[in-house]
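Notes follow once the structure below has been shown.
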Amino acid sequence: MTTVLKLGGSVITDKSAPETVDADALAAAATAVTAGATDPAGELVVVHGGGSFGHHHAAEHGVSATEGTDDAATVREIHDAMGRLNAAVLDALGERGVPALPVRPLSAAARDEDSTLTLATTAVERQLGEGFCPVLHGDVVVHEGAGATILSGDEIVAALARSLSVDRVGLCSTVPGVLDADGDVVERVERFADVAEAVGASDATDVTGGMAGKVRTLLDLPVPASVFGSAALRGFLDGDRPGTLVAGPNVEE
Ligand code: IPE
């Protein structure tokens with residue numbers, strides 16, 4: 001059983017101030033990881049977003065998923081900021097006994113000209129096999145013909161779900177799920193059209209574009225993915241399917 005969990009950047013950081021960890025929220029998430037029924041040693045891969053770390057530096061330099069930079073100092077600035085957040089996540093997990101280790105996408109992933117992502121997953125697989133808990137993060141990655149662009153944690157989750165044998169995917173965000181036009185949580189999404197009106201149409205390539213981009217990415221996965229808020233994190237790790245279940249046409253249930 002392998003579970004992939006994304007902790008959204010806005011769940012673990014304070015987005016209003018550059019490079020600020022939301023220490024209480026991070027502690028609560030790390031505690032849920034230790035307390036849940038999913039064994040974080042060998043059964044769990046954590047991916048975290050950028051929050052006030054990556055996004056802040058990326059915005060400052062105009063770097064996005066589609067707008068690249070060929071300035072190595074800028075690439076390192078964004079990557080180093082994500083490294084500081086990654087270290088905070090590893091510390092929060094490690095302090096609670098989770099054998100968490102970093103896997104840093106800049107050195108393990110690349111995009112080709114049409115934005116197709118290749119992510120080397122041997123290190124992740126081996127870490128799991130040896131009872132570690134790999135912790136990846138949204139990052140900046142080298143992109144053929146564009147220098148380097150932003151790779152979201154959601155895309156990493158998707159890449160992992162495709163190349164590892166993953167049983168469960170969860171995205172912990174600041175909202176309790178995909179919301180309909182009345183603000184209620186939609187239980188299940190099988191087609192983008194089910195929620196297009198509520199989440200707003202987004203360009204299919206806009207991978208960091210809020211809930212619409214998230215839903216599109218998750219609809220492509222071979223496994224169902226749950227989107228839920230931080231209050232439901234423990235339940236998800238215990239095996240529940242809180243929030244919204246996104247199960248696209250590639251899912252065999
Ligand atoms: C963004 O990752 C990574 C960088 C900006 C370097 P995400 O797009 O997954 O981050 P959140 O979860 O929205 O903050």
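Every number for a ligand or one of its atoms is a count from 1 in the order of the listing. The residues of the chain are indexed from 1 along the displayed sequence. A quick note: this is a predicted structure, and the numbers were derived from the prediction, not measured.
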Check each atom of ligand 1 against the heavy atoms of G54 and keep those under 4.0 Å away; list them by number with element. 4 (C), 5 (C), 6 (C)

If you measure every N/O of A58 against every N/O of ligand 1, is any gap under 3.5 Å? no

Using side-chain heavy atoms (C-beta onward) and a distance below 4.5 Å, is S115 in contact with H143? yes

At under 4.0 Å between heavy atoms, what of H48 touches ligand 1? The answer is neither

Within the structure, does G153 bring an N/O atom to less than 3.5 angstrom of an N/O atom in ligand 1? yes

Heavy-atom distances under 4.0 Å are what count here, so tell me which part of T13 touches ligand 1: side chain, backbone, both or neither. neither

Taking only non-hydrogen atoms of G8 and a 4.0 Å limit, the atoms of ligand 1 in range are 12 (O)

Within 4.0 Å of some non-hydrogen atom of G138, the atoms of ligand 1 are 2 (O), 3 (C)

Going by the atom numbers of ligand 1, which of them fall below 4.0 Å from some non-hydrogen atom of G51? 14 (O)

Taking distance alone, with no angle check, do I150 and ligand 1 share an N/O pair under 3.5 Å? no

pair V135-P102: side-chain heavy atoms closer than 4.5 Å: no

Less than 3.5 Å between some nitrogen or oxygen of S152 and one of ligand 1, yes or no? no

Based purely on interatomic distance, does G9 place a nitrogen or oxygen under 3.5 Å from a nitrogen or oxygen of ligand 1? yes

Tell me whether E155 is salt-bridged to K6, with the criterion being a basic N under 4.0 Å from an acidic carboxylate O. no

Taking the side chain as every heavy atom from C-beta outward, state whether V98 and V33 have any pair of such atoms under 4.5 Å apart. yes

Can you list the ligand 1 atoms lying under 4.0 Å from a non-hydrogen atom of G50? 1 (C), 2 (O), 7 (P), 10 (O), 11 (P), 14 (O)

Heavy atom of K6 under 4.0 Å from ligand 1? yes

Distance filter under 4.0 Å to I78 heavy atoms, resulting ligand 1 atoms: 6 (C)

Count I, L, V, M, F, W, Y as connected when their side-chain heavy atoms are under 4.5 Å apart, and connections chain through other members. Are L93 and L101 then in the same cluster? no

Cation over ring, R84 on F53, under 6.0 Å and within 45°? no

Flag this pair as yes if the NZ/CZ of R241 is under 6.0 angstrom from the six-membered ring centre of F236 and inside a 45 degree cone about the axis; otherwise no. no

Do the non-hydrogen side-chain atoms of I78 and V63 ever get within less than 4.5 Å of each other? yes

Donor + acceptor pair across side chains of R96, T31 (<3.5 Å): yes

